[in-house]
Every structure is written in structure tokens, then in C-alpha cells.
Amino acid sequence: MVTISLKKLLNKKDVLSLIKEMSAVMETPILIQDTQGRLLFGEENQKELGHYPVKLADDIIGWISGGEKAASLASLLSYIANKEIQEKMLARETLDKYKEINMLYNISGRLTACLDLKQVANLIIDEATRLIKATSGSLMLLNPDTSEFELVAAIGQEYDPKAPLALGRGIAGNLILTGKAEIINNVQADIRFVEGRNQIYSLICAPLQTKDGIIGVINISHQEPINYTAADLKLLTALASQAASAIENAMLHEQKLKEERIKSNLERYVSAKVVEAILEEKDDFSFEPAKRDIAILFSDIRNFTTKCEELPPELIVEYLNEYFTHMVDVIFSNGGTVNKFVGDMIVAMFGAPSRLVYSEQGAIKTAIEMQKRIKAIPVPWIRQNFITGIGISSGEVIVGNVGSPQHMDYTAIGDKVNIASRLQSIAKGEQILVCRSVYDVTYNLFDFKEVGTVQVKGKKKPVDVFEVIY
Amino acid sequence: MDKKILIVDDEPHIRLLMAQTLEELEDEGVEVLIAENGEEAIETIKLEKPDLVFLDVMMPKMNGFDVCYAVKNNLDIKDVYIIMLTAKGQEFDKEKGQQVGADLYMTKPFDPDEVVEKSWEILGL
């Protein structure tokens, strides 16, 4: 409530000098006192003739004592007081508006800099309860999968409804359907109200609206009847719209971080290009084991154990890493996936996790490039000693994550895998061997030489073997 | 002795807002003085010796930097706390403010809570 005291009014230099001047001109000594009888102007021992009230609207804020003429001075002072209070009320209102603008200005600055969902929500609730009288406040987001609200931030008594609020349940759950902010100044009388642990009498609830729809609500409440006003509602709505876009940003950021994590994990197995394909075609890709038509490539260094004995272990590891780097590069550039390294052996897949149209062709092209790349590695020892044999098969296998919860491997399982492994083991240095299924779809693209048949462990029928001439 | 705060700004709205902001200090016996330009500010500071001055930078006749420099150096009034209050928020202004001897730098739109808080602190109330 804006008030004004006579003392303060007389403290104003221009008012005081005006009174002095008038008193002199009217030749009437006067005495001004406040309602408690304290002397504000003049001298106590003057002969008092009459008392005239100084009034602010209908309230008396002091007295002027003096001759008859003092009555007009009392009127003048009343007039000044009333003018002053009008100006003060206007100033107060302007300052309140200015505070609101300043708050929105500050909060938008802080929100822009904040990408953490919880932090954004806390900031909004803090500001809202600072600006609007409240004993509790909460920000809830609607989970689109369950249609239930999830509490992101709360102050006051911890928000804990007896049953979780959901779409169409509770005031917030209904408000999300209408999309309109509401003031409910007697919550208990509202049939939509679902009682929680918080004692609530008055409530303002505003939806968090984004361009894609309503994502949640902000509640501001008081345990006593506080009669929230339209101005409070407007303020919370303004805050809610700021909050909605900041929350949307924070959620997008979280999503992006998650994708980055998946991406960096994936990039160790497949090329960046394949990772992009996987991330874009989310439906096509899954870590769940499933049947897939793929080509499998095994590559191994001949007599590696013997070579190892020639060099100190550190150097062997250094050379092996150099060699793997080149081989992985070739595999990735042809759309393949590195399944695993077993010692010096490389197992690669073509067609998983993302599908490849010409997986057999890709595998042979990779094998030829691998053989040629070894000869181009700028370490003479590697060129002379790392001589590899490669085996390729294709067909339906099971691919996906296999292992225990502590350790999972994305791998391929099936007969065809065993065949590729077997072909690799019989391949001489610099040789690339493939089975019939690979040969049948690529014979007019590459040169082949028929090798004969080999027996594969666990298979009754021998396997036809072809050598790729490159 | 009663404390005094001087508000210096050429914009009547800002003067009104600042005065209203500082109203709660008036209840504590603090006198709030107003100056509408740089020259008036210098006169008031000489005459009234305020404890704290909120000084606008961009004003006609004499800008806030000049007023601050004059007070702190030429007039040699060191025990007045001067807060530069300006819409400019660039690093250059802050540096300039420091050079002319300002004690603090606040940017517009000013934060009413911050203004009150700082005033309490500086006046030791």
C-alpha cells in the first residue's frame, strides 16, 4: 500500500519554502503537527486559535494550527499531499512494470546460456516464486510415451500427488488439453483437483507451449487464499513461454549429446559415413540379433608368431597398430564394418549393421585393396613381413549384440562365418579365396580361378573355392 | 548524521524509477537528492556532499565520465561512492569508468533489487 507522511512531505524543500512563504504573506503564524501530535513546523508556544486537518483522501494525516487563514494553508497542503500520492502510485506501478521487464530481460539472458534441463526448470521456478507470491511451485513435463507428468523442478514442500498426474487427470492434466493458463483461487472447490502432499489453496497453472505442442506445465501455488490476479497470470504466462523454448533447447541439446555418444561408440566399428546412415535410418538399424544377408571377410598375417620373435614386443605392437589403421581405413572406405581383431586377425562384415546393396562386391574390392595397401605402407619391415591370406563368404547369418550384460559384442554367428574363417586359414600369402555364393554374384566383375573343394568342419558337403585374381 | 544519495540522470523516467526504487531507504532516514544534468550534479555534490551517487553516463552539457573525473580529481572529493549507470555495456566503457575513478559500474536496464542492495551495503545501513 502506498502511503505518504506529512513529515516526508514537509521535508521536500519546495513544499517547505512554499508553506513558509504563504505563512509570511498571509501574516499568520502557523503550527504543523502530525496525527501523533509531534511538531513538524512552527513553534509550540504560539497562541493557538484553530485546528485544521490536512487530509489525504478521507484520512487525516496531520493538523495545521493558527488563525482562520491557516485553514486555506491546510487545504493547500492537502492538495499537495493528494497530488504527491497520485504521483507516487504511478511511480510505484511504473517501477513494478520495470521490475517485470527487468526480470524477463535477466531471465532470458540466463536461459539462453543454460542448456541443462534441470537447471532451466529450477531457474524458472525460482524466478516465478520470487515474482509471484507462492509457498510452492513446480515444473512438470508430460512424458509422451506414458502420458504422465514427470516432475523436473519443485520448491516448497516437495510436490507429491497421491497418484501421478497424467493427461486429462488433475488440473494440470486438464489444462494441457485446453492449452490455456488458469487461475484457481479455491483449489479445493475444483472438481479436477487431485490432492497431493502439498497444501494448496490458490493456484496458477500455465502450459509450456512449443511450436510442436504443449510439453508440460508450470504450477505456482499458495497454501492460503491469496487471490491471484490477472497480472500474476500474465506474468507466469510470459515466463512459461520463455521456459518452453529454453526447455525445448535443453532437450534438443540432450538428444544431440546422446547421439554424439552413440556416434563416437559406433565410429570405432564402422566408418563415419555408415554411422550417419545408421543414425538417419533409425528403423533399419538395431543392435538386436536378427537374420541378415551379409558378406564376411577374414584376413590374417601368415606366420605371425614366428615374425613376432624377430622384434621386441613394443615394436611389434607399433607395427601391428600401423597395419590395422591402414586395413580399417580400407574396410571403412568400402562401407564395411570391423567386427573384431583377434590377435593379428581382422574380421570384417559387409551389410551389417547397415545394409549394403552389393556386399559381396564390396568385400572383394576391400580384399584387393587391403593386399595392395600393405605394399604401400611406408614401413619396409611391414611391407616385407606382413603377408596376409584372406577368406570371404556370404549368406544368411545372425548379427547383433551377443554377450553378457557386462560385455557385449556386435558380431555375426552362423555357418557362413565358419566358412570364411576356414577359407582364410587355407589361403596362402597374398591370396584371396571366396566361396561359391560370393563367386556367383561377382564372376563378371572380377577375375577368378577355380581352386577346388575343401571340407569345412561340421559340414558334410565340401565347399567350392575360387581365388580372386588381382 | 543522515545519509544522502544523489540520482543524476537527464531522463525524467529514470529519475522517477530510481527515486521510487530508493524509497525504502528514505524510510531509514536517507535523503534522496536529484540532479538533471552534469553541471547540476557537480553543484549538488559540492553543496550536499552525498555519500552515494548514481551517475548516468550519456547526458547533455557534461557527461557522467567528466562529472566523475571532476569530483574525484579536481574537487578532490574522495569519500563519495560513485556508481556509473549507463545503457552502454561495452568493455570500453567499463575501462573508461575505472579511469575516471568510478567505484562501480551498473548497466541499464538497471536491476532495482541490485540498486537497493548495493545502496544498503555502501551506506552501511
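Below, chains carry the letters A, B, ... as their sequence lines are ordered, and counting in each starts from 1.
Heavy atoms from other residues, nucleotides or ligands lying under 6.0 Å from NZ of B:Lys72 number more than 12. In this structure, A:Glu93 places its CD atom where only 12 or fewer heavy-atom neighbours from other residues, nucleotides or ligands lie under 6.0 Å away. Within a 6.0 Å sphere centred on OH of B:Tyr69, heavy atoms belonging to other residues, nucleotides or ligands number 12 at most. When the shell of 6.0 Å around CD of A:Gln86 is examined, it contains more than 12 heavy atoms from other residues, nucleotides or ligands. Around NZ of B:Lys78, the count of heavy atoms belonging to other residues, nucleotides or ligands within 6.0 Å exceeds 12.
For the pair A:Asn102 and B:Glu114, the minimum side-chain heavy-atom distance is 4.5 Å or more.
Separating the CG atom in B:Leu17 from the NZ atom in A:Lys97 is a distance of 12.5 Å, to the nearest 0.5 Å. Taking OG1 of B:Thr21 as the start and CG of A:Leu95 as the end, the distance is 4.0 Å to the nearest 0.5 Å.
Although no hydrogens or angles enter the test, the distance criterion places no donor-acceptor pair under 3.5 Å between the side chain of A:Tyr98 and the main chain of B:Ile14.
The shortest non-hydrogen separation linking A:Lys8 to B:Glu23 is NZ-OE2, 4.0 Å.
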